[in-house]
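Below is one structure, written out as structure tokens, with a few remarks after it.
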Amino acid sequence: MQRTIQTSYRYRLDPTVEQEIMLGRFAGARRFVWNWALNRKREYFQQTGKTLSYNDLAAELTRLKQQSATAWLREMDSQSLQQALRDLENAYHHFFRRIRNGEKRKGFPRFKSRKTDTPRFRIPQRVTLDGSFVSVPKIGLIRVVLHRLHEGTIKGATFKREACGHWYVCLVVEQQLASQVERPVVTHIGVDVGLKSLAVLSTGETIDNPRWYRTQSRKLRRAQKALSRKVKGSRNRDKARTQVARLHQKTKSQRNDFLHKLSTDLIRHNDLVSIEDLNVRGLAKTKLATSVLDASWGMFRAMLTYKADRAGSQLIAVGRFFPSSKTCGACGLINASLTLSDRDWTCPCGVHHDRDLNASRNIDREGMRLFEQNVAAGCAETQNACGDPVSPIVMVGTGR
Ligand SMILES: [Zn+2]
């Protein structure tokens with residue numbers, strides 16, 4: 001049995017001066033079309049009370065290209081312009097969904113500004129990778145920094161200029177994978193996101209924030225101070241801003257690299273990994289944020305999810321109301337008086353606990369319990385279908 005998965009590869013571009021100008025123009029055209037289409041949709045709605053569909057806009061776009069003032073759009077890749085219309089359509093779709101769900105942040109599609117919007121555009125097809133060159137319609141072959149080879153069929157490409165000034169291409173690739181046979185669960189582990197360290201494992205191992213993290217934060221603080229001292233609108237301010245962006249970029253890649261290694265390691269050595277179902281947005285507001293590397297927990301979890309899926313192992317998220325820290329791992333008593341600052345505690349049963357280690361062991365045990373409960377109910381493959389009502393669980397990687 002085969003199954004199709006989507007994944008992406010990101011490469012840094014090394015364009016010539018002319019190519020870089022063209023990339024910038026493509027991004028500018030995308031922004032222009034987005035703003036034009038948004039304006040058309042709003043106008044049309046005010047006049048008629050109806051919405052302009054993607055097809056209406058695509059037809060109008062074709063006419064727009066024939067007008068002399070906007071004839072320059074013809075020099076751009078037509079599919080990337082249509083993609084801008086699709087992106088806007090999507091933005092509207094999500095906006096209506098958020099309204100339906102009564103969410104607080106509605107996120108009405110906004111006009112994009114040249115100053116604040118990241119230059120980007122997407123080409124849905126016809127982008128190919130040829131040796132260490134990416135072939136872009138109407139631009140030609142742009143050199144890429146080929147740090148790894150891609151596998152699978154390229155389905156689309158997003159070009160983006162990061163704040164550090166470098167252009168990147170992100171290739172969405174479709175791969176055919178043989179269906180994974182579900183691994184029998186022999187080895188299992190619980191992961192607790194610590195306050196003091198990055199994570200504590202139920203095996204007793206502690207994953208500390210990597211050494212570069214401190215150095216990098218210090219450098220970043222210094223660069224940010226330097227930036228704030230520069231005169232607004234000055235050339236030196238621009239330089240300082242780029243400097244800050246480069247440091248951010250570097251931290252981001254170091255962090256991704258670190259999280260990739262950690263997640264690969266956890267999945268490779270364990271048939272079942274249990275984690276806490278943390279609320280990422282809520283987490284960012286608390287003190288915990290710095291200890292999970294600027295709340296990159298969401299990304300880490302996403303990595304674990306797809307790696308577990310590919311390896312045929314289990315990832316279980318223990319419900320966020322499960323009292324992982326407060327429960328005594330030995331007798332099951334819940335210590336309601338435990339506060340965030342209590343690093344260790346002694347249970348009336350006599351057992352002394354390190355807060356994070358105890359939590360990770362409880363997470364491991366709870367994950368195993370939920371897994372076994374699902375197996376017993378004969379539906380290990382259904383997501384949430386027979387989870388504990390108090391501890392909702394998410395199951396992935398069940399060898400679909
Ligand atoms: Zn106890």
Side-chain angles (χ1 to χ4, degrees), residues 184-209 262-263 265-267 269-280 282-293 295 297 300-301 304 308 313-377 380 384 386-397:
V185 174
V186 180
T187 49
H188 49 94
I189 199 165
V191 183
D192 177 58
V193 179
L195 272 168
K196 213 168 53 186
S197 44
L198 180 66
V200 176
L201 310 180
S202 54
T203 50
E205 200 185 329
T206 300
I207 316 281
D208 277 318
N209 280 321
L262 181 59
S263 53
D265 209 53
L266 283 169
I267 295 294
H269 295 112
N270 297 281
D271 306 319
L272 186 148
V273 177
S274 299
I275 54 170
E276 264 179 304
D277 187 10
L278 291 176
N279 171 355
V280 180
L283 195 70
K285 290 184 195 131
T286 66
K287 273 195 290 183
L288 255 173
T290 45
S291 64
V292 282
L293 294 170
W297 177 246
F300 183 54
R301 184 175 164 168
L304 283 171
S313 52
Q314 313 283 336
L315 177 72
I316 292 196
V318 168
R320 80 183 52 139
F321 301 110
F322 174 68
S324 59
S325 303
K326 293 179 178 173
T327 307
C328 168
C331 71
L333 183 112
I334 294 175
N335 177 358
S337 64
L338 192 75
T339 64
L340 267 178
S341 54
D342 294 334
R343 302 305 323 147
D344 50 2
W345 57 286
T346 307
C347 179
C349 76
V351 179
H352 187 75
H353 293 297
D354 171 88
R355 180 204 180 87
D356 296 338
L357 179 59
N358 177 53
S360 65
R361 287 188 175 151
N362 285 333
I363 290 167
D364 179 38
R365 194 173 307 118
E366 177 68 2
M368 281 302 283
R369 187 185 72 80
L370 291 168
F371 174 70
E372 274 155 15
Q373 180 184 309
N374 277 11
V375 170
N384 289 336
C386 38
D388 190 306
V390 191
S391 317
I393 74 155
V394 183
M395 292 200 58
V396 289

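Remember, it's 1-based here, ligands and their atoms both numbered in the order they're listed.
- Asp192 has no carboxylate O lying under 4.0 Å from a charged side-chain N of Arg361, or vice versa, which leaves the two without a salt bridge.
- Taking each heavy atom of Val318 and Ile363 in turn, the nearest pair found is CG2-O, 3.8 Å.
- Atoms of the protein (N, O or S only) found under 2.8 Å from the Zn ion (ligand 1) are Cys328 SG, Cys331 SG, Cys347 SG, Cys349 SG.
- Under the rule for a side chain to side chain contact (heavy atoms under 4.5 Å, CB included), the partners of Asp271 that lie at least two apart in sequence or sit in another chain are Arg183, Val185, Val186, Thr187.
- A donor-acceptor pair under 3.5 Å is formed between the side chain of Asp342 and the backbone N or O of Thr339.
- In this structure Glu205 satisfies the side chain to side chain contact (heavy atoms under 4.5 Å, CB included) test together with Leu201, Thr203, Ile207, sequence neighbours excluded.
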All N/O donor-acceptor pairs, side-chain side in residues 321-331, below 3.5 Å, sequence neighbours left out:
{"unit_1": "Ser324", "atom_1": "OG", "unit_2": "Glu276", "atom_2": "OE2", "d": "3.1"}
{"unit_1": "Thr327", "atom_1": "OG1", "unit_2": "Pro323", "atom_2": "O", "d": "2.7"}

